[in-house]
Amino acid sequence: MKLLALDTSTQDLSLAIQNGEQRVEFHETVGQQHAERALPELQKLLDAAGLKLGELDAIVYGQGPGSFTGLRIGAGLAQGLAVSASLPLIGIPTLDAVAAQAPATERLLVCLDARMQEVYVGHYDTRHGVRRQGPIELLDPAELRLTESGWIAAGNGLSIYADRLPENLTAQLARQLPELRPSAAAYLDLAGNGAYPSLDASSAELLYVRNKVALTAREQQAQRR
């Protein structure tokens with residue numbers, strides 16, 4: 001398979017290309033410069049892989065949740081590239097990409113900062129591939145609950161909101177991996193297992209999880225009161 005994967009859901013720009021056994025990657029913190037940096041870095045990767053865009057089999061993108069603006073940039077970029085080269089898209093949730101980088105375990109908690117004093121949460125069994133147990137949720141860190149001990153936690157959510165966690169939560173964790181974050185290389189790993197369908201570029205979807213991204217001026221005023 002010849003695949004391009006991209007993620008712009010965080011302050012990182014993550015790109016990767018798979019050409020058979022060859023893989024080339026770019027992963028760098030770019031702040032708000034995803035739109036400016038993505039295409040030039042992508043062209044460098046295509047050159048390094050010895051490929052033209054039209055020779056790819058599909059484009060894999062991080063469909064969220066994550067930064068509202070970042071997700072829209074990533075989806076727009078993926079759609080634009082797919083349409084121009086008549087390629088299908090494969091959308092993969094960002095938390096699944098984090099889970100793919102964690103050790104194989106029966107109990108994996110993926111928790112990413114969602115801003116606004118909230119976290120994105122997913123529960124996984126990764127003993128035989130990435131298997132999410134239920135939907136991705138948006139929670140107040142104080143609402144996090146684990147029914148038993150021995151969990152591995154991945155992602156930055158717990159470390160950022162350490163002072164808001166339930167008192168016994170940390171004691172239930174066997175290990176924490178706060179450095180894990182969405183990565184284009186992880187999307188390539190997941191795209192190869194056939195669990196995520198290929199779609200026409202016009203059918204690309206984003207997974208926001210937070211239904212209301214911005215409050216109206218009236219709602220903000222009411223919240224301050």
Side-chain angles (χ1 to χ4, degrees), residues 1-102 110 112 129-130 154-156 177 179-208:
M1 291 287 286
K2 299 179 178 66
L3 299 172
L4 159 67
L6 62 93
D7 182 88
T8 57
S9 65
T10 69
Q11 290 192 325
D12 297 340
L13 171 61
S14 192
L15 305 169
I17 291 177
Q18 186 83 39
N19 182 11
E21 296 183 358
Q22 179 190 20
R23 180 177 290 188
V24 290
E25 303 173 30
F26 173 87
H27 191 110
E28 185 176 304
T29 300
V30 300
Q32 306 301 316
Q33 294 186 313
H34 298 94
E36 295 85 354
R37 298 286 303 278
L39 288 177
E41 298 298 341
L42 171 58
Q43 187 58 57
K44 292 178 185 177
L45 291 186
L46 286 169
D47 292 342
L51 289 173
K52 295 180 180 179
L53 184 64
E55 295 176 319
L56 296 171
D57 295 307
I59 295 175
V60 189
Y61 71 101
Q63 65 178 171
S67 159
F68 176 75
T69 301
L71 292 179
R72 291 177 65 85
I73 290 173
L77 178 62
Q79 281 187 303
L81 293 170
V83 169
S84 68
S86 300
L87 298 174
L89 290 178
I90 301 174
I92 297 179
T94 51
L95 273 69
D96 290 14
V98 174
Q101 302 171 68
V110 177
L112 296 180
V130 174
N156 62 1
L177 303 168
E179 71 280 3
L180 295 186
R181 50 193 174 181
S183 158
Y187 291 123
L188 290 180
D189 293 336
L190 290 171
N193 66 17
Y196 304 91
S198 296
L199 300 172
D200 183 84
S202 62
S203 302
E205 296 181 345
L206 288 174
L207 180 62
Y208 288 121

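Note: hydrogens, waters and symmetry copies are ignored here, and every other heavy atom, side chains too, is used. Residue numbers count from 1 along this sequence.
Of the possible donor and acceptor atoms, one in the side chain of Q22 sits under 3.5 Å from a partner among the backbone N and O of A48. At distances below 3.5 Å, at least one donor-acceptor pair connects side-chain atoms of H34 with backbone N or O atoms of T10. Of the possible donor and acceptor atoms, one in the side chain of Q79 sits under 3.5 Å from a partner among the backbone N and O of A201. In this structure a side-chain-to-backbone donor-acceptor pair under 3.5 Å is present from S14 to A184.
Atom OH of Y208 sits about 10.0 Å away from atom OG of S67, to the nearest 0.5 Å. Taken from CG in D200 to OG in S86, the straight-line distance is 9.5 Å, to the nearest 0.5 Å. Distance NZ/K52 to CG/D47: 10.5 Å, rounded to 0.5 Å. Summarising the geometry, atom CE belonging to M1 is positioned 10.0 Å from atom CG belonging to L56; distances are rounded to the nearest 0.5 Å. Between the CG atom in L71 and the CG atom in L206 there is a gap of 5.5 Å [rounded to 0.5 Å].
Considering only heavy atoms from C-beta on, L87 stays 4.5 Å or farther from D57 through its side chain. Looking at heavy atoms from C-beta onward, V98 lies in side-chain contact with P182 at the 4.5 angstrom threshold. L81 places a side-chain heavy atom less than 4.5 Å from the side chain of L53. Annotation: side chain of L13 is not in contact with side chain of E28 (no heavy-atom distance under 4.5 Å). Side-chain contact between L42 and I17 is present, with at least one heavy-atom pair separated by less than 4.5 Å. A 4.5 Å side-chain heavy-atom check between R181 and H27 finds at least one atom pair inside the cut-off. Residues L77 and T8 form no side-chain contact, since every pair of their non-hydrogen atoms from C-beta on lies 4.5 Å or further apart. Side-chain contact between T94 and Y187: present, with at least one pair of heavy atoms (C-beta onward) separated by less than 4.5 Å.
Across every non-hydrogen atom of A99 and V130, the tightest pair is CB-CG1, 4.0 Å. Of all heavy-atom pairs spanning L89 and A78, the tightest one is CD2-O, 3.5 Å. Scanning both residues, S198 and P88, for their nearest heavy atoms gives CB-CB, 4.1 Å. Contact detail for A58 and I90: the closest heavy-atom pair is CB-CD1, 4.1 Å. Across all their heavy atoms, A191 and L3 have their closest contact at CB-CD1, 4.0 Å. Across A5 and L188, no two heavy atoms sit closer than the pair CB-CD2, 3.7 Å.
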* **Criterion side-chain contact (heavy atoms from CB on, under 4.5 Å) on Y196 and V60, from CA distance to verdict** => CA-CA 10 Å; Y196 304 91; V60 189; over 6 Å; no
* To do: Start with the C-alpha gap between D189 and R23, add the side-chain angles, then the distance that decides, and say whether side-chain contact (heavy atoms from CB on, under 4.5 Å) holds.
  => CA-CA 11 Å; D189 293 336; R23 180 177 290 188; 2.9 Å; yes
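Within 6.0 Å of the CD atom in E36, the count of heavy atoms belonging to other residues, nucleotides or ligands exceeds 12. For CD of E205, the number of neighbouring non-hydrogen atoms (other residues, nucleotides, ligands) closer than 6.0 Å is 12 at most. Sparse packing is recorded around CD of Q11, with 12 or fewer heavy atoms of other residues, nucleotides or ligands lying under 6.0 Å away.
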